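This report concerns only the one structure given below.
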Amino acid sequence: MSFVLAALAWIADPAHWPGPGGIGTRLTQHLWYSVLAVLLAGVIALPLGLWIGHTGRGRGVAIGISGALRALPSLGLLTFLAVALGVGIDGALLPSTIVLAVLAVPPILAGAYAGVEAIDPDVVDGARAVGMSERQIVTGVEMPLAAPMILGGFRSATLQVIATATIAAYLGLGGLGRLILDGLPVRDYSRMLAGAVLVTVLALLVDGLLTLLQRRLTTAGVRASIGAD
């Protein structure tokens, strides 16, 4: 209990917030790494998930690949990429972003194809009956109706990435992981625990905001169309 109180006191100390190594800078860096990774994963996984959901093809392959990606050890993959790419500290953002994006792909992919598959087939058939093209059906019908589940996938991915982004500190990058890593050699347990607490609080806050957004997108009409009622 005393360690927790010491960590909270460390966070509350105004002297630990400003400057390049302060909590404010580390929080900003942590968010930046997380957003970058989730955006990269979204560019890859969202179109693929929509295509799988719309066509009904490749679902088994997607599930197999997602399971394999979830099983990859993050720190091991980070070390492998850093060595394979031959990057120094200046280029460490690339392997870190790739590793975090790998973690974010499975939930975004699953949210996209599951969201489209949950739509009542009569709704899609109705869109075809009025002459909409397949692209118009995807962008104008399936994406809006699947938006709550798609956002749920992004929410899950973001939570996982924020919790794991501490590994970026192992390649010399910033983020809240630096508070943990810098405190280790000097046995500054208050700083280390403060870093872990800040990561947890940040993840919970972002998850809460995305949950609220997800609920606002899930109108009664959308719930009825995807059979959620």
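Numbering of residues begins at 1 and proceeds along the displayed sequence. Here the structure is a predicted model, which is why all the values come from computation and not from measurement.
- For the salt bridge (Lys or Arg N to Asp or Glu O under 4.0 Å) condition, the pairs that include at least one residue of residues 190-200, sequence neighbours left out, are Asp188-Arg191.
- Counting only heavy atoms from C-beta outward, the side chains of Thr25 and Gln29 approach each other to under 4.5 Å.
- Screening residues 42-66 for salt bridge (Lys or Arg N to Asp or Glu O under 4.0 Å) gives Arg59-Glu117 as the qualifying pairs, with residues at least two apart or on separate chains.
- In this structure, the side chains of Leu72 and Phe80 stay at 4.5 Å or more apart for every pair of heavy atoms.
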What verdict does the side chain to side chain contact (heavy atoms under 4.5 Å, CB included) test give for Phe154 and Leu210, after you've listed the backbone C-alpha separation in whole Å, the side-chain angles of each residue and the deciding distance to 0.1 Å? CA-CA 9 Å; Phe154 273 94; Leu210 291 177; 5.8 Å; no
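- Judged purely by atom type and a 3.5 angstrom limit, Tyr33 uses its side chain to pair as donor or acceptor with the backbone of Gly174.
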Between Met143 and Leu50, does a side chain to side chain contact (heavy atoms under 4.5 Å, CB included) hold up when you go through it step by step? CA-CA 8 Å; Met143 281 189 69; Leu50 292 173; 3.7 Å; yes
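- Checked by atom type and distance alone, the side chain of His16 never pairs as donor or acceptor with a backbone atom of Ile23 at under 3.5 Å.
- For the atom pair Leu39 CG and Leu46 CG, the distance stands at 11.5 Å (nearest 0.5 Å).
- Screening residues 144-159 for salt bridge (Lys or Arg N to Asp or Glu O under 4.0 Å) gives Arg155-Asp207 as the qualifying pairs, with residues at least two apart or on separate chains.
- Between Tyr189 and Phe3, the ring planes are perpendicular. Angles over 60° get that label, and only those under 30° would be called parallel.
- Proximity of Leu159 to Val206: side-chain heavy atoms (C-beta onward) are nowhere separated by under 4.5 Å.
- A heavy-atom distance below 4.5 Å is found between the side chains of Glu134 and Arg128.
- The hydrophobic cluster analysis finds Leu209 isolated: no Ile, Leu, Val, Met, Phe, Trp or Tyr side chain comes under 4.5 Å of it, directly or through other members.
- Placement of Trp17 and Val197 within a single hydrophobic cluster is found when ILVMFWY residues are connected by side-chain heavy-atom separations under 4.5 Å, directly or transitively.
- In the hydrophobic clustering (ILVMFWY side chains linked at under 4.5 Å, chained through shared members), Leu109 is joined by Leu48, Trp51, Ile52, Ile63, Tyr113.
- Applying the salt bridge (Lys or Arg N to Asp or Glu O under 4.0 Å) definition to pairs two or more places apart or across chains, those involving residues 160-184 are Arg178-Asp182.
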